[in-house]
Colleague: 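Can you read through this structure? Questions will come right after.
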Amino acid sequence: QVSSDIYTHPKTGTVLLYIGGLFGCVSSNCDQIIDCKNTGTINVSETTTRMLYVSGLLGTAMYGVEMKLDGCANTGDIIVGEDVFARNIYVGGILASTNNIKMQYPNCYNSGNVESKATASQETYLGSIFGWSTKSNSDVATVGIYNSGTVTYSGNSALAYVGGYC
């Protein structure tokens, strides 16, 4: 269980920024994460980046990973402030983004509030469990998943996708 709060404001110059309560990015050699929990607040401010990934547990999982998150939870709030600017923004209670992976996440939940006030020049993806997930080449199992936190978007984007799940 991780319970420390994360406050980040790296200013400018970062091309890809992955922030997770437990892991920023997983791309290989990690097939299971079991009974992990984040209870701390994640607050992102004063940031300009090309791509921003923020999540209570895992910023992103990508490219060929086969992973199982079992019994994991986020109870901390996730806040992306109005002084954050990116081309694309991905925010999720459990995962910000998955990209072409086979994934199972049984018995996971989010009870933290997920909020973005940020500006994205192209797209914002905001969800209580996932911010965004590819459908092609993905095998997603969703047994026992739930959310009790709120999802709030008051930012500015060319396109914004906001959902209670994904």
Colleague: Let me confirm one number: the CG-NZ distance from Asn156 to Lys117, rounded to the nearest 0.5 Å.
Modeller: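 If I round to the nearest 0.5 Å, the distance is 14.5 Å.
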Colleague: Can you tell me if CD on Gln122 sees more than 12 non-hydrogen neighbours from other groups inside 6.0 Å?
Modeller: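 Yes, because the 6.0 Å sphere around CD of Gln122 holds more than 12 heavy atoms from other groups.
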Colleague: Indicate the atoms forming the closest heavy-atom contact of Val15 with Thr49, along with that distance.
Modeller: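 So the two residues come closest at O-OG1, 3.0 Å.
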Colleague: Kindly indicate, with the supporting measurements, whether the criterion side-chain contact (heavy atoms from CB on, under 4.5 Å) is fulfilled by Thr75 and Tyr109.
Modeller: CA-CA 8 Å; Thr75 62; Tyr109 70 91; 4.1 Å; yes
Colleague: Any chance you could measure Leu22, atom CG, to Leu57, atom CG, to the nearest 0.5 Å?
Modeller: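 Atom-to-atom, Leu22:CG and Leu57:CG are 5.0 Å apart.
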Colleague: Quick one: does any side-chain atom of Ser111 pair with a main-chain N or O of Ser148 as donor and acceptor, under 3.5 Å?
Modeller: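 Judged by distance alone, no pair lies under 3.5 Å.
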Colleague: So Asn107 and Asp70, do their side chains get closer than 4.5 Å, heavy atoms only?
Modeller: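 Yes, at least one pair of side-chain atoms sits under 4.5 Å.
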Colleague: State, to 0.1 Å, how close Tyr125 and Gly131 come at their nearest heavy-atom pair, and which atoms those are.
Modeller: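 The answer is CB-O, 3.2 Å.
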Colleague: Indicate yes or no: at least one non-hydrogen side-chain atom of Lys68 is less than 4.5 angstrom from one of Pro106.
Modeller: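 Side-chain contact under 4.5 Å: yes.
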Colleague: Out of curiosity, does Val80 fall in the hydrophobic cluster containing Phe85 (side-chain heavy atoms, cut-off under 4.5 Å, transitive links)?
Modeller: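 Different hydrophobic clusters.
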Colleague: Working to the nearest 0.5 angstrom, can you tell me the gap between Ile129 CD1 and Ile94 CD1?
Modeller: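 Going from the CD1 atom of Ile129 to the CD1 atom of Ile94 covers 5.0 Å.
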Colleague: Hey, quick one: are Leu16 and Trp132 part of the same hydrophobic cluster, counting side-chain heavy atoms closer than 4.5 Å, chains of contacts allowed?
Modeller: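 Yes, one cluster joins them.
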Colleague: Using 0.5 Å steps for rounding, measure from the CG atom of Asn38 to the CG atom of Leu58.
Modeller: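 Atom-to-atom, Asn38:CG and Leu58:CG are 12.0 Å apart.
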Colleague: Minimum heavy-atom separation for Leu69 to Cys108, with atom names?
Modeller: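 Minimum heavy-atom contact is O-SG, 3.5 Å.
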Colleague: For Ile34 and Gln32, work out which heavy atoms get closest and say how close.
Modeller: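 Taking every non-hydrogen atom into account, CD1-OE1, 3.3 Å.
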Colleague: Using the test side-chain hydrogen bond (donor to acceptor under 3.5 Å, both in side chains), find all partners of Asn88 that sit at least two apart in sequence or belong to another chain.
Modeller: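 Testing Asn88 for side-chain hydrogen bond (donor to acceptor under 3.5 Å, both in side chains), a comparison that skips the adjacent residues, returns none.
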Colleague: Asn113 side chain to Thr150 main-chain N or O, any donor-acceptor pair under 3.5 Å?
Modeller: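 It does hold such a pair.
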Colleague: Are Val91 and Tyr153 connected into the same hydrophobic cluster when the rule is that any two of I, L, V, M, F, W, Y join if their side-chain heavy atoms are below 4.5 Å apart?
Modeller: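 Same hydrophobic cluster.
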Colleague: Quick check: does any side chain N or O of Thr60 sit under 3.5 Å from a backbone N or O of Ser97, one acting as donor and the other as acceptor?
Modeller: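 The answer is yes, because a donor-acceptor pair under 3.5 Å joins these two groups.
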Colleague: Report yes or no: do Tyr90 and Leu159 belong to one cluster of Ile/Leu/Val/Met/Phe/Trp/Tyr joined by side chain heavy-atom distances under 4.5 Å?
Modeller: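 Yes, same cluster.
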Colleague: Taking all non-hydrogen atoms of both residues into account, name the closest pair between Leu52 and Ala86 and its distance.
Modeller: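 That closest heavy-atom pairing would be CB-CB, 4.3 Å.
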Colleague: Would you please name every residue forming a salt bridge (charged side-chain N to carboxylate O under 4.0 Å, His left out) with Asp83, sequence neighbours left out?
Modeller: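 Salt bridge (charged side-chain N to carboxylate O under 4.0 Å, His left out) list for Asp83, sorted by chain: empty.
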Colleague: To the nearest 0.5 angstrom, please state how far the CG atom of Asn147 sits from the CG atom of Asn110.
Modeller: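 Rounded to the nearest 0.5 Å, the CG-CG separation comes out at 5.0 Å.
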Colleague: Any idea which heavy atoms bring Ser157 and Glu123 closest together, and the distance?
Modeller: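 For Ser157 and Glu123, the tightest heavy-atom pair comes out as OG-C, 3.8 Å.
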Colleague: Atom OG1 in Thr124, atom CD1 in Ile89: separation rounded to 0.5 Å?
Modeller: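 Rounded to the nearest 0.5 Å, the OG1-CD1 separation comes out at 4.5 Å.
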Colleague: State yes or no: do Ile79 and Tyr18 share one hydrophobic cluster built from I, L, V, M, F, W and Y residues joined by side-chain heavy-atom distances below 4.5 Å, directly or via other members?
Modeller: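 Different hydrophobic clusters.
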